[in-house]
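Here the structure comes first, spelled out in structure tokens, and everything after it is commentary.
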Amino acid sequence: MSYKVKDISLAEKGRLLIEWAERHMPVLMKIRERFSSEKPLEGIKISASLHVTKETAVLVRTLVTGGATVTLVPSNPLSTQDEVAAALAEEGVHVYAWKGMNEREYYNAIGFAISQEPVVTMDDGADLTVTLHKLALGVKSNEVSYALETAGDRDFGRLIGNIYGGTEETTTGVIRLRAMAKEGTLRYPIIAVNDSYTKYLFDNRYGTGQSTWDGILRATNILVAGKVVVVAGYGWVGRGIAMRAKGLGARRVIITEVNPVRALEAVFDGFEVMPMSEAAEVGDIFITATGDINAITLDHILRMKDGAVLANAGHFNVEIDVAGLERVASEKRRIRDYVVEYELPNGKRIYLLAEGRLVNLVAAEGHPSEVMDMSFSNQALAVEYIVKNRGKLSLGVHKLPDELDMEVARLKLETMGIRIDQLTEEQRHYISSWGLGT
Ligand code: ADE
């Protein structure tokens, strides 16, 4: 079997979606053009655990054009666009993905990606890399046993030893992989695509800033103007969400933070800052973007106003205490797609969106193509870099070289028709000399 998708007859719809994304991803398309003549990935087997979206399809087609054989599995059980999965499967990509997987199916998909014996892995959240390491180390867990059901009986130590390197798309994944590197567990080098300027400054801020609201609005159709919005976390994602909340007319935008520098930045950017225990009592819409567990606890939820809406924009579904909410709720009703109403023992009703998972990818389509153009150009260049430098990268988590990052920015500006100044010789000399003062 080379694919497992929801419905292969959705392929034509998927092709149109991918075509639409390609129109809006000119930088990645330029890279594809180069890959088409240079074939830098000839014979390379790639297994990718990424959100299966139309933008990911543009990346996958680019890798295939470069000569790679690609296996694609999801990086979240609910984010797959079934039409896109069908279209890619029909094109010969080994796709194992559908929207609405349970935990076992999700790790079966990860196991399938491993069974293809890749030499490059691509990850968004690090589930593929971490599971592969657990298999090689003989770690036992539910996830590992589900992965084993499809990965089959093989020598995972040898498999992992053959891998040239991997890429990681998101902050959460980079944090996990850095922890592995620090502990000495990491067995192959990783390029942290997330850490490119042309990734996190745009994808995390403007991409999540817009797509999180897209998800909340598609799910609820509520008016933001006049509302009190509470954003937990003022990293790049939190910044983007808060900025767009202002633009949509929120009456108050409140930030909760644990980092004093970030909290101060939020204040100077014009937002209110307070602890979640206080914000809980005044907010209408709560959005978590901390990357950590229990940013919103059951205690916070019990303090909230009747009708409060809760959404998560962080990678994993751990930021809101959904288990606590489930435990105490006297009633639970599905109101509409991605909106569940919980009645609390105090009689108030709280609305949880997208089961507390990434609201932008579950209730909408993730980041717009224009932003993913830069993120996925970094991904394509990172895979090429790994292949070119196989055997030379040290075991650890690396940034993509700055020249490649700058090249993505240069190409993006060019495709937008925007020109910029160049340093004059005199200026270049001035900023590289230490002797010139007052
Ligand atoms: N992450 C956020 N938005 C995405 C998208 N549109 N495609 C793939 N990964 C994403």
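Heavy-atom basis, side chains included; hydrogens, waters and symmetry copies ignored. Both counts, for ligands and for their atoms, begin at 1 and track the order of listing.
- Counting only N and O atoms by type, the side chains of D124 and N76 include no donor and acceptor under 3.5 Å apart.
- Summarising the local packing, NZ of K6 is surrounded by 12 or fewer heavy atoms from other residues, nucleotides or ligands at distances under 6.0 Å.
- There is a side-chain donor-acceptor pair under 3.5 Å between E169 and Q379.
- For the residue pair N378 and S196, a side-chain donor N or O sits within less than 3.5 Å of a side-chain acceptor on the partner.
- Here ring-ring contact (aromatic ring centres under 6.0 Å, His included) pairs that include residues 217-274, with residues two or more places apart or in two chains, are Y200-W236, Y234-F271.
- The 4.0 Å heavy-atom shell around ligand 1 contains residues H51, T53, E55, T56, L361, E365, G366, H367, M372, F376, ordered by chain and number.
- Looking only at atom types and distance, the side chain of D7 has a donor-acceptor partner in the side chain of S9 under 3.5 Å away.
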